[in-house]
Protein chains: 2
Amino acid sequence: MPAPPPVIDIETSPDRKSAILAAALAVFSEKGIEAATIEDVRQRSQASVGSIYHHFGTKEGIAAALFAHGIDDYWARLIASAAGKASAERTIHGLIAAHIGWIAEKPDLARFLFSRRQAVGQAYDEAIRQRTAAHFKTLFELLKPWFKQGVLRRLPAGLYAPLLMGPAQEYSRQWLGGRIDIEPRVAIRELSQAAWRSLAVDPDRRD
Amino acid sequence: MPAPPPVIDIETSPDRKSAILAAALAVFSEKGIEAATIEDVRQRSQASVGSIYHHFGTKEGIAAALFAHGIDDYWARLIASAAGKASAERTIHGLIAAHIGWIAEKPDLARFLFSRRQAVGQAYDEAIRQRTAAHFKTLFELLKPWFKQGVLRRLPAGLYAPLLMGPAQEYSRQWLGGRIDIEPRVAIRELSQAAWRSLAVDPDRRD
DNA sequence: AATATTCTAGAATATTATTCTAGTCAAGCA
DNA sequence: TGCTTGACTAGAATAATATTCTAGAATATT
């Protein structure tokens with residue numbers, strides 16, 4: 001399989017397109033997508049309206065591009081941390097740690113990614129779905145061995161994602177919204193253990 | 001504690017305010033909040049611009065009101081189904097069944113509630129937070145006995161919500177987005193059991 | 001009934017997204 | 001070097017749409 005192209009960092013990359021994306025993220029974070037105006041983005045990015053529209057077509061297009069960027073960045077991290085672990089338990093821990101770690105590191109992008117999905121509009125839904133599905137398939141392959149050999153429970157396939165990442169996802173949303181103050185480190189530990197209990201066959205007799 | 005006022009049904013209630021909310025929900029669902037125009041809402045609700053602005057102030061105000069309505073409707077259902085159960089296991093099952101059941105019953109409102117939170121804008125954040133916090137506190141009281149008597153694990157308080165509802169929440173999002181086809185009934189069963197495994201003290205020796 | 005208050009209407013206005021025209025700039029090439 | 005092409009940028013002009021305003025109808029209150 002070809003190595004996925006590295007995800008560029010919109011904060012540091014010097015080209016105008018990245019500058020616009022970074023500015024948009026900042027503005028969207030401050031005022032919300034709807035309230036943010038193109039003029040806001042223009043000022044913050046030092047670009048012109050023409051330039052913005054040349055690159056992204058519409059305001060929604062900016063959001064969609066930002067979204068795609070976020071997805072790729074997030075999943076690259078997730079998959080890197082899940083690959084090559086020696087046990088199912090470590091794989092699960094790695095995933096949850098990566099998820100929560102990423103969110104703590106890039107809270108603005110995370111907030112955008114996880115709370116504004118629909119704001120991007122259904123025109124881009126299919127593209128986003130495909131991107132996510134591809135990433136998730138890669139991840140699923142990493143877990144396959146473990147439930148083939150009876151370490152992880154067999155469940156309807158669609159339920160793995162909710163069970164594995166649901167609690168971390170929910171924790172993250174609340175943490176990002178400032179509605180919970182439990183430290184990421186603690187959450188990683190507790191949520192990993194809980195995920196293990198809910199997914200493992202017979203977790204108490206594992207050693 | 002005073003009984004909470006019953007949540008009115010915006011679909012059937014005949015007053016103009018409800019009509020506007022119902023129309024807004026429909027339009028928002030079809031095109032997304034941003035793309036939906038006041039004119040769309042006006043046409044579908046048979047109201048006038050003036051009337052809409054009289055009741056809600058801004059377009060965002062409509063979204064906020066819809067959001068508040070959804071929260072109340074959702075939580076009323078959740079709490080009703082968790083109250084008075086004879087065991088912790090049944091309480092948990094009740095909660096998850098209520099969550100998933102509500103979503104399956106009112107998918108448009110659910111989609112709005114769970115996917116557009118940030119679209120409502122931080123001006124209303126505090127109000128929403130308080131509403132949710134109050135509801136959640138009520139729920140938490142219902143669970144207290146069970147972990148006081150050692151049936152449920154003691155964890156950092158903020159992690160109960162993610163563990164309890166996170167997977168159901170994540171399942172719901174995907175189901176609402178058409179990205180998963182597992183039946184609600186099946187999901188309720190599996191996710192209840194999994195939640196029990198992750199929250200109970202020693203679930204395997206419970207009987 | 002008289003008055004006040006809430007609600008409705010739709011035209012007028014202001015804001016903001018988007019389009020358009022005219023360039024600039026860098027890369028390739030004769 | 002000078003020419004050509006395509007990607008990019010600029011900002012004024014336009015169009016779409018949110019919001020305000022004034023006036024009047026309906027409803028409640030005394």
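Distances shorter than 4.0 Å separate some side-chain N or O of Arg16(B) from OP1 or OP2 on dT8(C). Distances shorter than 4.0 Å separate none of the side-chain N or O atoms of His55(B) from OP1 or OP2 on dT6(C).
Of the candidates dC8(D), dT20(D), dT6(C), dT6(C) carries the atom nearest the His54(B) side chain, counting heavy atoms from C-beta on. Closest to the side chain of Ser51(A), out of dT8(C), dT9(D), dA18(D), is dT9(D). When distances are taken from the side chain of Tyr53(B) to each of dT20(D), dC8(D), dT8(C), the shortest belongs to dT20(D). Distances were taken from every side-chain heavy atom of Ile38(B) (C-beta onward) to each of dA17(C), dA18(D), dA10(D); the shortest belongs to dA18(D). Nearest to the side-chain atoms of Lys59(A) among the listed nucleotides dA7(D), dT18(C), dC7(C) stands dT18(C). The listed nucleotides are dA11(C), dA18(D), dT8(C); the one nearest the side chain of Thr37(B) is dA18(D). Of all nucleotides listed (dT9(D), dT8(C), dT18(C)), dT9(D) comes nearest to the side chain of Ser48(A).
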Discussion item. Is there a ring-ring contact (aromatic ring centres under 6.0 Å, His included) between Tyr171(A) and His99(A)? Walk through the geometry before answering.
Written reply: CA-CA 11 Å; Tyr171(A) 161 81; His99(A) 177 95; 8.8 Å; no
Worksheet item: Taking it one step at a time, do Arg153(A) and Glu190(B) satisfy salt bridge (charged side-chain N to carboxylate O under 4.0 Å, His left out)?
Response: CA-CA 11 Å; Arg153(A) 285 175 188 266; Glu190(B) 296 294 340; over 6 Å; no
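Nearer to the 5' terminus of DNA chain C, by closest-nucleotide assignment, is the contact made by Ala36(A) (compared with the other of Gly50(A) and Ala36(A)).
In this structure, Arg42(A) atom CZ and dT9(D) atom P are separated by 14 Å, rounded to whole Å. Taking atom NZ of Lys17(A) as the reference point, atom C1' of dT9(D) lies 15 Å away to the nearest angstrom. Atoms CD1 (Ile52(B)) and C1' (dG10(C)) sit 12 Å apart, rounded to a whole Å. dT9(D) atom C1' lies 10 Å from atom CD1 of Ile20(A), rounded to whole Å. Regarding Ile33(B), its CD1 atom lies at a distance of 16 Å from the P atom of dT17(D), rounded to whole Å. Straight-line distance from the CG atom of Asp15(B) to the C1' atom of dC7(C): 12 Å, rounded to whole Å. A straight line from CG of Asp40(B) to C1' of dA16(D) spans 12 Å, rounded to a whole angstrom. With rounding to whole Å, Glu60(B) atom CD is found 16 Å from dT17(D) atom C1'.
Going from atom CD of Glu170(B) over to atom CE of Met165(A) covers 9.0 Å, rounded to the nearest 0.5 Å.
Pair check for dT30(D) finds dA1(C); Watson-Crick or G-U wobble, both atom distances under 3.5 Å.
Around atom CZ of Arg90(A), no more than 12 heavy atoms belonging to other residues, nucleotides or ligands sit under 6.0 Å away.
Aromatic ring orientation, His135(A) versus Trp75(A): parallel (interplanar angle below 30°, classes split at 30° and 60°).
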